[in-house]
Chemist: 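Can you read through this structure? Questions will come right after.
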2 protein chains.
Amino acid sequence: MKRGEAERILREQRARVTPQRVAILRAVESSGSHPDADAVYRQVSRGHPHISRDTVYRTLSMMEEKGIIGSVLSVGNSKRYDPVTTKHHHLVCIRCKKILDFSAKEFDRLEPPAKMVSRFQVLRTTVQVEGVCEDCRNRKKT
Amino acid sequence: MKRGEAERILREQRARVTPQRVAILRAVESSGSHPDADAVYRQVSRGHPHISRDTVYRTLSMMEEKGIIGSVLSVGNSKRYDPVTTKHHHLVCIRCKKILDFSAKEFDRLEPPAKMVSRFQVLRTTVQVEGVCEDCRNRKKT
DNA sequence: TTACCAGATTGGATTTTTTCCTATATTCAA
DNA sequence: TTGAATATAGGAAAAAATCCAATCTGGTAA
């Protein structure tokens with residue numbers, strides 16, 4: 001990540017530029033992987049020994065909302081189980097965390113690229129659709 | 001869920017049949033949704049006021065491993081961020097929780113069924129492939 | 001440039017979610 | 001029926017995320 005780029009990205013999104021935010025964004029970008037909040041906290045702590053965890057959590061989720069960074073799909077903070085074991089896919093409401101099942105033959109046939117399959121023992125392939133459900137859309141948006 | 005079915009399923013999987021397990025499986029099946037462990041605990045507590053959370057957590061994850069119940073994809077216990085914001089998909093190792101990105105044009109074109117889209121404001125559609133990575137396969141399996 | 005103030009941060013407490021641990025109890029095969 | 005392997009309860013602890021009040025700061029308007 002080039003010098004000044006983090007600042008530019010934040011300004012583009014009309015987010016205040018603070019040293020903490022710059023450091024957090026750089027930490028995610030330079031991780032080269034898929035860090036969790038604590039990994040970002042540990043990395044940023046090196047240069048900002050007094051940064052608080054709250055800042056890291058708040059900032060990461062702000063950046064995700066603004067599309068500055070991405071995330072791997074998860075639903076709220078707890079693991080969710082499913083009585084249905086046949087092949088199906090999930091719609092997840094990002095507001096209320098409701099999960100709806102759906103089936104679509106087209107999605108059931110997906111085959112991960114051969115290159116992956118040779119190195120990775122594939123157990124399950126599912127499609128996750130994130131969005132906002134009808135109920136939440138009818139409530140006034142935050 | 002029919003009488004005796006939970007017991008049958010457990011026996012089929014060579015899992016000991018205990019009243020707690022039967023109650024937990026029934027709770028998931030009858031939830032009609034995607035409960036988290038605490039919701040299952042609260043439901044099962046009605047009939048088993050002394051059940052411990054540990055039993056619920058342990059049993060749910062045992063049942064998931066045996067394929068008795070499913071789950072919505074998650075990666076370990078913490079939210080994972082991603083520096084990459086362009087469209088891509090994820091391979092997740094269920095052992096070490098490593099996440100690998102991959103791209104596949106075929107996957108990028110997926111459109112959720114029209115019926116869903118009309119009710120649900122779709123923000124993102126991604127494919128998650130779960131499996132075991134090369135490193136973990138080379139280690140002896142548990 | 002300065003002063004203001006909306007918004008950001010800190011540090012610590014708190015909540016939520018999950019796991020660990022040990023004594024006791026139970027399942028089921030023989 | 002009994003013994004060994006396995007499961008459970010209950011409570012402590014760890015891990016993950018959030019809350020909150022006091023303080024500070026970035027950006028802008030004068």
Side-chain angles (χ1 to χ4, degrees), chain A residues 4 6-25 27 34-66 68 71-72 74-81 94-95 97 142, chain B residues 4 6-25 27 34-66 68 71-72 74-81 94-95 97 142:
Chain A
E7 289 84 343
R8 202 205 72 229
I9 291 169
L10 287 165
R11 266 186 246 283
E12 249 174 41
Q13 297 297 327
R14 290 158 206 74
R16 284 199 178 172
V17 176
T18 68
Q20 293 89 340
R21 288 175 174 192
V22 170
I24 289 167
L25 180 48
H34 300 78
D36 63 14
D38 200 60
V40 173
Y41 172 77
R42 291 192 309 272
Q43 171 62 29
V44 172
S45 288
R46 297 184 191 179
H48 296 260
H50 294 285
I51 197 166
S52 85
R53 277 170 211 283
D54 195 26
T55 297
V56 174
Y57 277 92
R58 213 178 347 88
T59 302
L60 287 170
S61 85
M62 175 274 282
M63 288 179 180
E64 194 201 348
E65 269 172 35
K66 291 189 181 295
I68 295 175
S71 72
V72 180
S74 62
V75 185
N77 293 327
S78 47
K79 173 148 199 172
R80 301 282 288 271
Y81 291 93
I94 61 170
R95 296 255 176 85
K97 315 303 182 195
T142 352
Chain B
E7 289 84 343
R8 200 205 74 227
I9 292 170
L10 287 164
R11 268 187 246 281
E12 249 173 41
Q13 297 297 326
R14 290 156 205 76
R16 285 197 175 175
V17 177
T18 69
Q20 292 89 339
R21 287 175 174 192
V22 169
I24 288 166
L25 180 48
H34 300 78
D36 64 13
D38 200 60
V40 173
Y41 172 77
R42 290 191 309 271
Q43 170 62 29
V44 172
S45 289
R46 297 184 191 179
H48 296 259
H50 294 285
I51 197 165
S52 85
R53 277 171 210 282
D54 193 28
T55 298
V56 175
Y57 276 92
R58 213 179 345 90
T59 301
L60 286 170
S61 86
M62 174 275 280
M63 288 179 180
E64 194 202 349
E65 269 172 37
K66 292 191 180 293
I68 295 175
S71 72
V72 180
S74 63
V75 185
N77 293 328
S78 48
K79 173 146 198 174
R80 300 281 288 270
Y81 291 92
I94 61 170
R95 297 255 176 85
K97 315 303 181 194
T142 350

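For clarity, every value in this text was computed on a predicted model and none was experimentally measured. Sequence lines set the chain letters: A, B, ... in the order given, protein chains first and strands last, and positions in each chain run from 1.
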Chemist: Would you call A/Arg8 and A/Glu12 a salt bridge, using N to O less than 4.0 angstrom?
Modeler: yes
Chemist: Just the rounded figure in Å: distance from P of D/dT18 to OH of A/Tyr41.
Modeler: 16 Å
Chemist: Side chain of B/Ala37 only, heavy atoms from C-beta on: which candidate in D/dA9, C/dT18, C/dT10 is closest?
Modeler: C/dT18
Chemist: To the nearest angstrom, how far is B/Gln20 atom CD from D/dT6 atom C1'?
Modeler: 13 Å
Chemist: Which of the following nucleotides, D/dA17, D/dA7, C/dT10, is nearest to the side chain of A/Arg58?
Modeler: C/dT10
Chemist: Looking at the side chain of B/Pro19, which of C/dT27, D/dA16, C/dA8 is the nearest nucleotide?
Modeler: C/dT27
Chemist: Which nucleotide wins on minimum distance to the side chain of A/Ser78, given the candidates D/dA9, C/dT27, C/dT18?
Modeler: C/dT18
Chemist: Could you check A/Arg53 against B/Asp54 and say which one's nearest nucleotide on DNA chain C is further toward the 5' end?
Modeler: A/Arg53
Chemist: To the nearest angstrom, how far is B/Tyr57 atom OH from D/dA9 atom P?
Modeler: 15 Å
Chemist: For B/Lys79 and for A/Val17, locate the closest nucleotide of DNA chain D by heavy-atom distance; then report the residue assigned to the nucleotide nearer the 5' terminus.
Modeler: B/Lys79
Chemist: I'd like to know if B/Arg16 reaches the base of D/dA5 with its side chain, counting only an N/O donor and acceptor under 3.5 Å.
Modeler: yes
Chemist: Could you say whether B/Arg11 or B/Asn77 is positioned toward the 5' end of DNA chain C, judged by the nucleotide with the nearest heavy atom to each?
Modeler: B/Asn77
